[in-house]
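A quick write-up on the structure given underneath.
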Amino acid sequence: MKLLVFSDSHGNTLNMIDVLKKQEGSYNHIIHLGDHCTDTRYLDPIIGITPLISVMGNCDSYYARHEYPEEKIVNLYGKQFFICHGHKYSVKQTYDVLAQKAVAEKCDVVLFGHTHTAVLEKRGSVYLFNPGTIGAPSVNGNTYGVIDIENDEVKFEILKV
């Protein structure tokens, strides 16, 4: 099973659309980690019935707060995911708070954004994964994440747009 993970689109829907076209429907789920989570509305014609999970970031509008959660815990393909933007867990300073939250919630994987920098780190049994920014200017360019789950094994990739 394949998950596409976007974060921090900041109004740049074209990059997400390009990625979806490049991936040619080879994905089973799409996740947006906030900062313009409403950008995902522009993806509807491309993704069709593909499940989409979005959470709010610190730059999302007041109106998005009525439609999108700040964080979410979901089980996808046998793995427990903690999904958030990361700003409420001080991710620009440390990943400790985020890792502790994941352990407390018995999660296998934490997906977060906010820093605009791609990260894959393992803390004990928990993976911390930030796909970087799909739309905002970044020293490392625009990136997104791909997660493959097969036979209880999780593989992570960070790809450039």
Side-chain angles (χ1 to χ4, degrees), residues 1-77 79-92 95 98 102 107 109-121 127-150 154-161:
M1 297 299 173
K2 188 173 181 178
L3 313 175
L4 292 183
V5 186
F6 301 131
S7 189
D8 297 277
S9 52
H10 291 278
N12 187 343
T13 57
L14 294 179
N15 280 351
M16 289 189 295
I17 290 168
D18 286 348
V19 167
L20 292 172
K21 287 179 179 176
K22 188 186 328 180
Q23 292 287 337
E24 297 181 23
S26 65
Y27 43 84
N28 304 94
H29 240 92
I30 299 168
I31 299 171
H32 190 286
L33 302 173
D35 276 2
H36 292 239
C37 60
T38 55
D39 288 347
T40 57
R41 293 177 183 157
Y42 297 97
L43 306 180
D44 287 346
I46 297 168
I47 65 174
I49 62 168
T50 301
L52 171 70
I53 297 171
S54 292
V55 294
M56 287 186 342
N58 60 302
C59 291
D60 284 303
S61 75
Y62 171 79
Y63 299 103
R65 298 182 193 286
H66 300 290
E67 198 172 333
Y68 299 91
E70 288 188 341
E71 55 191 45
K72 195 167 187 134
I73 297 173
V74 296
N75 190 296
L76 298 171
Y77 313 109
K79 297 295 177 184
Q80 194 82 345
F81 285 80
F82 177 62
I83 300 169
C84 67
H85 184 63
H87 62 291
K88 293 196 168 198
Y89 294 92
S90 305
V91 296
K92 287 188 176 179
Y95 301 140
L98 193 59
C107 291
V109 179
V110 177
L111 302 179
F112 70 101
H114 189 55
T115 65
H116 296 192
T117 303
V119 168
L120 173 60
E121 186 176 309
Y127 288 99
L128 305 175
F129 187 64
N130 181 335
T133 175
I134 188 75
S138 172
V139 176
N140 300 317
N142 293 132
T143 56
Y144 65 100
V146 176
I147 302 172
D148 277 312
I149 303 171
E150 197 171 315
V154 184
K155 294 179 186 172
F156 300 87
E157 265 187 293
I158 296 167
L159 302 171
K160 290 200 179 259
V161 174

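This chain uses plain numbering: 1 for the first residue, then up along the sequence.
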Are Thr143 and Thr133 close enough, and set up right, to give a side chain to side chain contact (heavy atoms under 4.5 Å, CB included), and what steps lead you there? CA-CA 6 Å; Thr143 56; Thr133 175; 5.6 Å; no
With a 4.5 Å cut-off on side-chain heavy atoms, are Tyr27 and Thr50 touching? yes
Closest approach of Ile134 and Met16, non-hydrogen atoms and distance? CG1-CG, 3.7 Å
Are Lys2 and Glu150 ion-paired here, with the side-chain N under 4.0 Å from a carboxylate O? no
is_close_aromatic(His85, His32), centroid dist under 6.0 Å: no
Using atom types as modelled and distance alone, determine if a side-chain donor or acceptor of Asn130 lies under 3.5 Å from a backbone N or O of Ala118. no
For Gly86, does its backbone N or O pair with a side-chain atom of Lys92 as donor and acceptor, under 3.5 Å? no
Tell me the closest heavy-atom pair linking Pro137 and His116, and the distance in Å. O-ND1, 4.2 Å
Quick check on the 6.0 Å ring-centre criterion: do Phe129 and Phe81 meet it? no
Got a donor-acceptor contact below 3.5 angstrom from the Ser61 side chain to the Ala64 backbone? yes
If you count the non-hydrogen atoms of other residues, nucleotides and ligands that lie under 6.0 Å from NZ in Lys21, is the total more than 12? no
Check for me whether the distance between the ring centres of Tyr89 and Phe112 falls short of 6.0 Å. no
Output, in order, the C-alpha distance, side-chain angles, deciding distance and verdict of side-chain hydrogen bond (donor to acceptor under 3.5 Å, both in side chains) for Glu157 and Tyr144. CA-CA 8 Å; Glu157 265 187 293; Tyr144 65 100; over 6 Å; no
Measure the spacing between CG of Asn58 and NE2 of His87 and express it to the nearest 0.5 Å. 5.0 Å
Checking the side chain of Asp35 only, and the main-chain atoms of His10 only, is there a donor and an acceptor separated by less than 3.5 Å? no
Tell me, yes or no, whether the heavy-atom count around Lys79 atom NZ, taken from other residues, nucleotides or ligands under 6.0 Å, exceeds 12. yes
